[in-house]
Enquirer: 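Could you have a look at this structure, given as structure tokens, before my questions?
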Amino acid sequence: MAAAAVLLVLNVSVWLAGAAPREVLVRVFAGTFGSGYGLGQTLAKATPLIFTGTAVAFALRARLFNIGAEGQCLAGVLGCAVLGAALPASTPWVLAVPLCALAAMLGGGLVGGLAGWLRGRFGTHEVLSTLMLNGLVSVLTTWLYGGPLRVGAQVHTRDVVAGARMPMLGHGVTAFRGSALNLSLVLAVAVAFAAHLYLTRTRGGLALRALGGSEQTASALGIAVGPAQLRAMTVSGAIAGLAALHLVLGVKGYAEQGLGVGVGFVGLAVALVGAARPVGMVLAAVLFGALAYGGLVVNAMVPADVLNVAQAAAMVAAAAGALRPRSFS
Amino acid sequence: MNALLAFIAQVLTVTPPLLFAALGGVVSERAGVATVALEGYLLGGAFTAVVLSLATHSVALGLLATLAAGAAMGLVFALCVVGLRAQPIVAGVAFNVLMASLTRVLLKVLYDSASNSPALATVTRAGASTGVASLVDAMAQPTLWLAPVAVLGLGWMFRDTVLGLRITAVGEHPRAAQTRGVSLSRVRTEALVLGAMVAALGGAALGLHQRQFLAYMSGGRGFLALAAVILGRWEPRRAALWAVALGALQALEASLEGVVPVPSALLQAMPFALTLLVVSGKLGRARAPAALGSSGEG
């Protein structure tokens with residue numbers, strides 16, 4: 001039903017843009033799933049979405065609505081790029097990658113944690129605080145990338161050290177050669193499952209899910225609600241920040257204005273379409289990745305934005321179908 | 001003196017988009033529907049105003065079309081949120097994505113460029129070299145004069161009309177409103193349509209002043225407007241005052257640029273930081289409509 005609606009919107013918008021819908025759809029499918037390179041690009045587009053989707057889901061399962069994955073992801077990109085460039089040039093990857101990952105988590109975790117702390121301490125609704133934090137981070141990064149952190153004429157930060165770069169999967173798997181797909185996809189999937197295991201198999205995770213049931217239940221069980229909310233939002237932000245593993249260490253090698261923009265918002269849709277469970281979210285991320293890359297494939301026939309229209313429709317479908325007032329815990 | 005006049009002109013130019021968007025936000029949020037879609041309303045409004053003014057050679061017709069487009073956008077959003085019961089915030093984010101891409105697709109179709117429309121020639125630019133000239137230029141914008149009308153009109157609506165009272169009732173206590181025979185979906189739809197129409201005028205102010213439509217030209221103003229809504233405690237007059245204050249901040253940033261070594265980021269960050277403090281109850285309590293943030297089921 002939802003899929004049919006999305007397909008209909010896609011058809012109408014392609015037609016509106018003055019092209020034959022069937023031809024465009026065939027091209028999108030062939031370009032994304034029909035070749036090793038296309039699949040690689042699609043999975044590369046999906047990688048950061050798995051991180052932000054998992055981030056949103058993590059908070060959602062504690063009944064917190066983190067719409068700040070956008071800003072947390074940008075903060076992670078900032079932290080990762082700054083530390084990655086500050087490391088000594090000869091840093092081996094065993095040190096460089098974990099340190100950069102920590103910096104990314106620190107960046108995202110601080111922003112998410114602030115929202116969590118405000119919620120736990122003052123009862124500030126996280127939707128409002130994360131929205132404002134998105135604005136703050138966006139202003140801060142725009143200024144830093146355009147000013148203090150820029151290198152010469154280029155409006156981006158210094159390159160991260162060679163040891164911190166993610167291995168491209170195209171080197172090992174010839175089918176993916178040339179695509180942006182890198183090892184961070186494996187890490188993203190691992191994080192999605194690890195977050196799920198933490199929530200379902202550990203004491204701390206069960207406390208968060210009790211919070212997801214209701215605040216009253218949680219406090220009746222002896223769980224300190226405020227600290228739990230702080231923890232949930234900090235971890236959520238840290239996971240969103242990890243999207244930098246793909247964006248900075250995998251694709252660009254540096255941070256720049258606009259890198260990661262939109263990834264957090266689509267992560268909302270990924271979490272909802274995937275019902276906040278890892279398998280569902282990975283599949284949802286691949287779907288949204290295909291829409292994003294598919295737009296580029298058919299750009300010569302219709303504007304890439306046509307597929308974004310379909311993406312918006314998929315998000316509405318997700319919001320309508322998935323987020324009925326039932327618990328996600 | 002010249003600098004002062006130029007500053008005032010700048011305030012009068014940058015405020016209307018924020019002000020209308022904030023007023024639109026007040027109307028829809030008072031009905032208990034979180035409205036992240038303001039950014040999309042601004043884009044849609046700007047697009048319609050510019051394209052229709054180009055096509056009809058009449059700014060007045062462009063503005064009328066903007067109101068119609070606003071109503072259409074409000075209906076679409078209401079269809080998602082009220083009809084399909086989509087979670088309002090996610091639907092709002094989706095709506096922003098939709099408008100950002102739809103306007104680009106239509107630009108491409110109409111003008112064979114996905115980044116900008118042709119420039120409007122209908123309004124002649126007074127050559128904003130002197131303070132007086134830019135002031136005249138700012139005052140020539142019809143949307144500027146509509147702004148106080150909208151503020152006073154909406155204030156009156158919330159105070160003295162059945163619709164206004166119903167909107168507030170639905171946002172504050174949906175159950176009670178329902179037991180008095182008020183239809184939640186109907187009132188929410190009306191509020192969303194009206195809110196989108198008002199917010200779309202902000203887009204028109206933006207597009208008509210810049211004399212063309214540029215892709216993504218809303219540039220985060222919808223979120224700034226949302227800050228004004230919260231800072232203004234969901235009241236039309238206060239939200240409008242905050243919109244003026246945020247507009248003055250933007251104008252200040254423009255006139256200080258290159259003069260005083262204040263990083264413009266500091267000024268840009270202020271509205272968000274201020275709102276964060278206010279919603280955290282550190283700067284006077286901001287009390288939101290009770291049904292806001294809930295699933296909207298009442």
Enquirer: Of all heavy-atom pairs between A:Ser129 and A:Ala115, which one has the smallest distance, and what is that distance?
Expert: OG-CB, 3.6 Å
Enquirer: Measure B:Leu106 against the heavy atoms of chain A and call it side chain, backbone, both or neither at under 4.5 Å.
Expert: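 For B:Leu106, side-chain heavy atoms alone lie under 4.5 Å from chain A.
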Enquirer: Taking all non-hydrogen atoms of both residues, which atom of A:Arg27 and which atom of A:Val297 are closest, and how far apart?
Expert: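 So the minimum-distance heavy-atom pair works out to O-CG1, 3.9 Å.
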Enquirer: With only heavy atoms counted, which part of A:Leu268 is less than 4.5 Å from chain B, the side chain, the backbone, both or neither?
Expert: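 Answer is side chain: those atoms of A:Leu268 sit under 4.5 Å from chain B.
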Enquirer: Could you go step by step and tell me if A:Leu136 and B:Leu276 meet the side chain to side chain contact (heavy atoms under 4.5 Å, CB included) rule?
Expert: CA-CA 10 Å; A:Leu136 272 179; B:Leu276 207 53; 4.2 Å; yes
Enquirer: Mind ranking B:Met99, B:Arg104, B:Lys108 by heavy-atom pairs under 4.5 Å with chain A and telling me who comes out on top?
Expert: B:Arg104
Enquirer: Compare every heavy atom of A:Leu74 with every heavy atom of A:Gly260, then report the nearest pair and how far apart it is.
Expert: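 That closest heavy-atom pairing would be C-CD2, 3.8 Å.
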Enquirer: Looking at B:Leu52 and B:Ala65, what are the two nearest heavy atoms and their distance?
Expert: CG-CB, 3.5 Å
Enquirer: Is it the side chain or the backbone of A:Val309 that comes within 4.5 Å of chain B heavy atoms, both, or neither?
Expert: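 A:Val309 touches chain B through backbone and side-chain heavy atoms alike.
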Enquirer: Is there any residue in residues 213-223 of chain B with a non-hydrogen atom under 4.5 Å from a non-hydrogen atom of chain A, and which ones are they?
Expert: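 Answer by number: B:Tyr216, B:Phe223.
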Enquirer: On a heavy-atom basis, which atom in B:Ser280 and which in A:Leu118 lie closest, and how many Å separate them?
Expert: OG-CD2, 3.5 Å
Enquirer: From the options A:Asn134, A:Thr52, A:Asn66, A:Thr234, select the one residue that forms a side chain to side chain donor-acceptor pair (under 3.5 Å) with A:Gln72.
Expert: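 Among the candidates, only A:Asn66 passes.
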Enquirer: Looking at CD of A:Glu215 and CZ of A:Arg63, how far apart are the two atoms once the value is rounded to the nearest 0.5 Å?
Expert: 8.5 Å
Enquirer: When only pairs under 4.5 Å are counted, which of A:Gln311, A:Met132, A:Arg121 shares the most heavy-atom pairs with chain B?
Expert: A:Met132
Enquirer: Identify which of B:Asn96, B:Val36, B:Val93 forms the greatest number of heavy-atom pairs closer than 4.5 Å to chain A.
Expert: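 Counting heavy-atom pairs under 4.5 Å, the top option is B:Val93.
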Enquirer: Testing the basics here: between B:Leu226 and B:Glu29, what is the closest heavy-atom pair and its distance to 0.1 Å?
Expert: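 Smallest interatomic distance, heavy atoms only, reads CD1-OE2, 3.8 Å.
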